[in-house]
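The chains referred to below are lettered A, B, ... by the order of the sequence lines, with proteins before strands, and numbering in each begins at 1.
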Number of protein chains: 2
Amino acid sequence: MLNQRKPRDGSTPKRDLLIATAFRLFYREGFHAVGIDTILAEAQLAKMTLYHHFASKEELIVAVLEQRSALVKEKVQAILKEAGPSPRKRLLAYFARYEAFFSSKEFNGCPFIRAVAEYPDIDTPVHQAVIRHKQSDIDTLQELLSGFDIADPKPVAHQIALLIEGALVSAHTFGNTSALAHARNAALALVKAAH
Amino acid sequence: MLNQRKPRDGSTPKRDLLIATAFRLFYREGFHAVGIDTILAEAQLAKMTLYHHFASKEELIVAVLEQRSALVKEKVQAILKEAGPSPRKRLLAYFARYEAFFSSKEFNGCPFIRAVAEYPDIDTPVHQAVIRHKQSDIDTLQELLSGFDIADPKPVAHQIALLIEGALVSAHTFGNTSALAHARNAALALVKAAH
DNA sequence: CTGTTGTTAGACAGTCCTGTCTAACAGTGG
DNA sequence: CCACTGTTAGACAGGACTGTCTAACAACAG
C-alpha cells in the first residue's frame with residue numbers, strides 16, 4: 001500500500017474518499033440518519049482510518065461541509081469568469097448554475113441548510129461551518145451586484161440571497177417545481193427597481 | 001385518573017401533552033436527536049401511552065407537524081382579521097407576525113423546513129405533512145395579495161413565499177439578524193413593481 | 001356489577017450508535 | 001535496518017434507540 005504525502009491542507013486519497021463517500025450518504029439521507037459504519041462499508045475503509053483522520057463524526061461532517069464549500073466557490077468563480085463582464089449576463093449565469101443543480105437527479109435540497117437544521121445550536125462547529133459558507137455566498141452576490149448601476153448593492157444582495165435560499169428550500173420541499181424561475185424573476189425585478 | 005372523552009379529532013389531554021412536549025424537544029434539538037424516552041420522561045408519561053395514541057415515532061412527528069400547522073393557520077387568520085381590509089396593512093401585519101416569531105427566544109428556525117431537512121425523501125409521511133402546510137401557506141399569501149391591484153397575484157405570492165422561506169433559514173443560520181427586514185422590503189418592492 | 005378503555009411502571013429484545021483497542025502488516029524516511 | 005506512519009479486520013465497551021409485552025389499576029359505560 002502506498003504511503004501518503006502530507007500536504008498542508010491535509011488532503012490524502014483515503015481522506016478524500018472518506019469525505020466524498022460521507023457527503024454522498026449524508027446528503028442523501030441526513031447526518032444523524034447515516035452512521036459511520038455505513039460510510040466505512042461504502043468506502044471500504046477500516047474504522048481506524050476514519051479515526052486517524054478525524055477525531056469524531058462531527059469533525060468529519062465539518063470537513064465534508066468545508067470541502068463542499070470550497071468546491072462550490074470554485075465552480076461559481078469559474079462560471080462568473082466564463083460569463084464575461086456584463087453584470088446582467090453574470091447574474092443570469094449565476095442563476096443558471098442553480099438551475100443545473102436543481103434539476104440534477106441527486107438534488108436533495110441545500111446540504112448546508114440541512115446541516116443547520118440538524119445542528120440548530122449556533123455554537124456547534126457544524127453550524128459555524130455553515131455560517132462561513134453562507135456568508136461567503138452573500139459576499140459573492142454582493143460583488144456580482146456591484147457591477148450594476150445600483151446606489152447600494154448590499155441590501156439587494158441580501159434580498160437575492162433570501163430568494164435563493166427560499167428557492168432551495170421550496171424546490172426540495174415540493175420536489176423541484178418552478179421555485180428557481182420565480183426567484184430569478186423576482187431578482188431581476190429587484191435589480192431593476194433598485195436603479 | 002379521569003378517563004378521556006374521544007372527540008372525532010382524537011384530541012385528549014394526554015395526547016395533547018405528548019404532542020406539545022414532543023414539539024418543544026424536537027424543535028429545540030431535532031427529530032432524530034430526540035428519543036421517545038426523553039419525551040416521555042419530560043411529559044411524565046408511560047411508554048404505552050405513547051404507543052396507544054401513535055403507532056410509531058414517525059406518526060407522532062406527523063401529528064406534531066399537523067397540530068403546529070393548524071395552530072399557525074389559526075393565528076394568521078386571526079391577525080389578518082384584526083388587520084382590517086387594507087391590503088397593505090394586511091401584508092405588513094403578516095410580516096409583523098414573523099417578526100415576533102423571529103425574535104422570540106425559542107426561535108430555532110422553521111420547524112417544517114427542519115423536518116424536510118431530516119426527512120429528505122418526498123415520499124415519507126413527514127415530508128408530505130410539510131408539503132401540505134407549505135402549500136396552505138402559499139394559498140394564504142395568494143389570497144392576501146389578491147387584495148392588491150395586481151394583474152396576476154400568483155407569481156408574486158410565490159416570490160414572497162420564497163423571501164419568507166429564505167428569511168426563516170437565514171435568521172436561523174446567522175442567529176437572527178436583519179433577514180426579515182430585507183424580506184419585507186423586497187416584498188413591498190415586488191408588489192409595487194407588479195402594478 | 002362487568003367489560004372496556006386508558007394508563008402506569010418497568011422489564012425486555014434486538015438493533016444501532018460512537019469510539020477504543022489490539023495485533024498485524026505495508027511502505028517510507030532516515 | 002529500524003522506527004514511524006497509515007492501514008486493516010475485527011472485537012469490544014457502553015450507551016441509546018424503537019417497539020413489545022406483562023401485570024395491575026382507575027374510571028367510565030352499559
So, does [X] get its side chain near the phosphate of [N], meaning an N or O under 4.0 Å from OP1 or OP2?
| X | N | answer |
| --- | --- | --- |
| A/K47 | D/dA11 | no |
| A/H32 | D/dC17 | no |
| A/T49 | D/dT8 | yes |

Atom pair distance, as rounded to whole Å: [atom1] in [X] and [atom2] in [N]:
| X | N | atom1 | atom2 | value |
| --- | --- | --- | --- | --- |
| B/E118 | D/dC17 | CD | P | 14 Å |
| A/I61 | C/dC17 | CD1 | C1' | 13 Å |
| B/L50 | D/dC21 | CG | P | 16 Å |
| B/K14 | C/dT8 | NZ | C1' | 9 Å |
| A/D16 | D/dT7 | CG | P | 11 Å |
| B/L40 | C/dG10 | CG | P | 13 Å |
| B/I39 | D/dC17 | CD1 | C1' | 12 Å |
| B/E58 | D/dG19 | CD | C1' | 14 Å |

Self-check item: Flag side-chain contact, heavy atom, 4.5 Å: B/Y27 against B/V34
Solution: no
Quiz item: Does the pair A/D121 and B/R28 meet the rule for a salt bridge (Lys or Arg N to Asp or Glu O under 4.0 Å), with working shown?
Solution: CA-CA 8 Å; A/D121 184 346; B/R28 193 194 303 152; over 6 Å; no
Considering only side-chain heavy atoms of [X], which listed nucleotide, [options], is closest?
| X | options | answer |
| --- | --- | --- |
| B/H52 | C/dT7, D/dT7, D/dA9 | C/dT7 |
| A/M48 | C/dT8, C/dT18, C/dT22 | C/dT22 |
| A/Y51 | C/dG19, D/dT7, C/dG6 | C/dG19 |

Self-check item: Salt bridge B/R24-B/E42, side-chain N to carboxylate O under 4.0 Å
Solution: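 Yes, charged N to carboxylate O under 4.0 Å.
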Quiz item: Is A/R114 paired with B/E118 through a side-chain N to carboxylate O contact shorter than 4.0 Å?
Solution: no
Self-check item: Verdict with supporting geometry, B/D37 and B/K47, salt bridge (Lys or Arg N to Asp or Glu O under 4.0 Å)
Solution: CA-CA 8 Å; B/D37 287 339; B/K47 197 170 259 193; 3.2 Å; yes
